Amino acid sequence: MAADTARAPAGERPPPVAVVPVRRYGRWAAAALVAYLLFALGWSLWHNPNLDVASIRQYLFAPSILHGLAVTVELTLVAMGIGIAGGVLLAVMRLSDNRVLSAVAWGYIWFFRGTPLLVQIIFWGFLGALYPNLFLGIPLTGVVFGSVPTSSLIGAATAAVLALATNEAAYCAELVRAAIISVDGGQREAAMSLGMSSGRRMRFVILPQAMRVLIPTLGNEAISMLKMTALVSVISGRDLMTSVQQIYQQNFKIMPLLVVASLWYLLLTSVLSIGQHYVERYFGRGFGVKPSAAHERRARRRAAARDRARATAPADYGTAPGHVDGEPMVRAEQVWKWFGSADVLRGVDLTVHPRQTLVLLGPSGSGKSTLLRCVNALERVDSGLLEVEGRRVGLREAGGRLHEMTEKELCGQRARIGMVFQRFNLFPHMTALENVALGPRRVLGLSRGQAEAEAERLLTRVGLRDKLDAYPAQLSGGQQQRVAIARALAMRPHVMLFDEPTSALDPELVGEVLDVMKDLAGQGMTMIVATHEIGFAKEVADTVAMLDGGVIIESGPPGECLVAPKEERTKAFLSKVLA
Ligand SMILES: Nc1ncnc2c1ncn2[C@@H]1O[C@H](COP(=O)(O)OP(=O)(O)OP(=O)(O)O)[C@@H](O)[C@H]1O
């Protein structure tokens with residue numbers, strides 16, 4: 001029997017197919033040639049009397065060299081640390097809606113990238129020539145609390161750090177900004193829909209994902225910083241390269257001393273590269289990087305913490321009750337929304353009562369997503385009244401006028417409204433469990449154990465008990481959407497919005513998501529569902545509304561709207577969808 005037809009007992013993995021690999025003679029020859037050339041180069045260096053191995057040995061651990069090495073390491077670490085922190089701050093300022101902050105950040109980056117680093121080092125080193133004394137006081141008022149001579153405050157070492165860090169911050173700012181922009185916009189919206197403030201969104205959702213893009217470029221920056229520290233010699237900084245130069249200017253052993261410097265730089269660069277590898281692996285979790293042993297240990301520790309926390313998880317941790325009996329859960333009256341000259345919603349009226357399911361139908365571009373986004377305060381309506389639980393969405397009435405809600409108020413309102421997106425928008429750097437636990441932990445203030453115990457309960461409810469530690473990339477579309485539903489439910493929302501939750505799924509995965517939604521409706525969740533699933537609408541909806549061109553042209557019980565629609569447009573739409 002041929003190897004590829006070998007059989008194993010039924011159900012067991014068969015032996016792998018035995019395959020003779022292609023003989024790649026060209027590659028072997030190329031590898032042998034390169035190895036030979038490298039060996040020859042090493043041999044010629046080692047036996048070159050001008051290299052002066054004895055001097056290399058003599059100076060490799062010389063005190064002045066080791067001191068220079070320590071200065072280089074210290075300068076690199078401190079300047080990179082301050083540079084990265086400053087860069088993040090500048091990037092956030094640059095991306096801010098506040099024009100003054102954005103302009104200041106732009107000006108900073110423009111100036112520090114636009115002038116040579118050498119000039120900046122000399123500037124900081126000789127700052128005393130411009131400002132002989134530094135004052136602490138209130139600018140432009142003449143109020144001074146104290147002053148010191150500049151030269152006593154900013155010595156060569158401080159000037160070196162200031163110059164390298166302020167310059168690095170400008171470069172880092174652009175790298176961080178590019179990395180932040182590279183994070184999908186859906187991530188921000190998903191975090192907003194959980195009621196996370198802008199600071200929390202940045203810290204827990206955007207920056208961890210941006211870091212994956214950022215780390216390789218920051219690794220490059222750190223390595224070039226290591227070598228740029230040599231420039232501080234112009235203000236008498238005592239870095240590695242300066243120490244080497246001082247020695248060979250006296251003894252003329254240029255080659256051996258350059259080899260000493262190179263060996264130390266190579267060692268430092270290697271250490272940085274190894275560090276970069278681990279940091280990259282940490283931030284690459286969920287993006288196809290294999291989970292490390294540490295990841296699995298952490299998962300086991302967390303499972304134990306969940307077991308301990310289960311007993312202490314509060315039953316009523318959810319968002320504060322906001323609903324008054326008898327009031328509609330969602331009410332829209334003459335809601336208009338426009339983008340520039342395009343009127344997307346043109347006077348929408350609808351009412352959804354508690355425990356009811358409203359299904360929104362309508363062709364692509366009719367405004368279904370926009371309406372749901374308005375209900376969740378992701379967009380502000382331009383005209384009309386939109387209320388959830390009797391409170392205007394995104395607006396507060398005071399003194400007979402409407403005021404924009406503060407971020408805190410908006411987050412509180414969003415947290416009571418669950419949203420499930422067409423493209424899932426799971427956080428790719430978090431496991432299913434972490435995705436679901438994020439909101440309760442970071443918005444509602446549960447402990448990690450309690451939040452994860454609750455997340456486990458919800459994931460079990462949507463049939464994903466065995467996928468707690470899987471990252472979104474390791475889940476099918478249907479499974480991802482079920483995690484997204486559990487994530488929204490974890491906030492104990494008062495109303496759930498579904499924006500075409502099955503339209504990005506393969507037909508055979510649609511059922512598993514619809515089953516979870518039917519289950520929710522059966523348990524009395526108030527829901528607004530934009531979908532083209534007519535069978536679901538017939539079975540679950542209390543009301544069906546047909547949106548066309550930003551207007552609800554027909555609404556009523558599914559028995560009327562779907563079985564005997566009055567409007568020609570609805571008939572045409574249904575015949576297309578059901579075709
Ligand atoms: N931020 C925006 N800026 C400009 N136009 C927008 C914006 N958001 C939506 N629109 C426009 O509003 C219209 C309605 O879009 P919306 O996404 O609400 O439709 P939809 O009914 O959900 O469509 P689909 O079923 O294809 O998702 C579209 O013409 C779209 O181009």
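Values in this document were obtained by computation on a predicted structure and should not be read as measured data. Order of listing sets the numbers, starting from 1, for every ligand and every atom in it.
- Protein heavy atom at the shortest distance from atom 12 (O) of ligand 1 is Val344 CG2, 3.1 Å.
- When the heavy-atom distances from atom 14 (C) of ligand 1 to Ala342, Gly365, Cys374, Ser369 are ranked, the shortest goes to Gly365.
- Contact annotation: for Pro363 versus ligand 1, heavy atoms closer than 4.0 Å belong to the backbone alone.
- A salt bridge links Glu454 with Arg492: the distance from a Lys NZ or Arg NE/NH1/NH2 to an Asp or Glu carboxylate oxygen falls below 4.0 Å.
- Taking a cut-off of under 4.0 Å to the non-hydrogen atoms of Gly367, the atoms of ligand 1 that pass are 14 (C), 18 (O), 19 (O), 20 (P), 21 (O).
- For atom 27 (O) of ligand 1, the closest non-hydrogen atom of the protein is Glu500 OE2, 3.4 Å.
- Distances between N or O atoms of Lys368 and those of ligand 1 include at least one value under 3.5 Å.
- Counting protein heavy atoms under 4.0 angstrom from atom 30 (C) of ligand 1 gives zero.
- By the 6.0 Å and 45° rule, Arg569 does not stack over the aromatic ring of Phe573.
- The single protein non-hydrogen atom nearest to atom 16 (P) of ligand 1 is Thr370 OG1, 3.6 Å, given as residue, atom name and distance.
- Heavy atoms of Gly362 stay at 4.0 angstrom or farther from ligand 1.
- Atom 26 (O) of ligand 1 has as its closest protein heavy atom Ser364 OG, 2.6 Å.
- Distances below 4.0 Å separate heavy atoms of Ser366 from the following atoms of ligand 1: 19 (O), 21 (O).
- Side-chain contact check for Gln422 and Ser503: at least one donor-acceptor pair (N or O, by modelled atom type) lies under 3.5 Å.
- With hydrogens and angles left out, the side-chain atoms of Glu407 and Ser198 include a donor and acceptor closer than 3.5 Å.
- Looking only at atom types and distance, the side chain of Gln120 has a donor-acceptor partner in the side chain of Thr115 under 3.5 Å away.
- Panel note: side chain Lys467, backbone Thr431; no donor-acceptor pair is recorded below 3.5 Å.
- In this structure, Phe427 and His429 have tilted ring planes: the angle between them lies in the 30° to 60° band.
- Ligand 1 has no atom lying under 4.0 Å from any heavy atom of Gly340.
- With Asp382 contributing its side chain and Trp338 its backbone, the two residues share a donor-acceptor pair below 3.5 Å.
- With hydrogens and angles ignored, the 3.5 Å screen pairs no side-chain donor or acceptor of Asp499 with any backbone N or O of Ala530.
- Among all non-hydrogen protein atoms, the one lying nearest atom 9 (C) of ligand 1 is Phe339 CE1, 3.7 Å.
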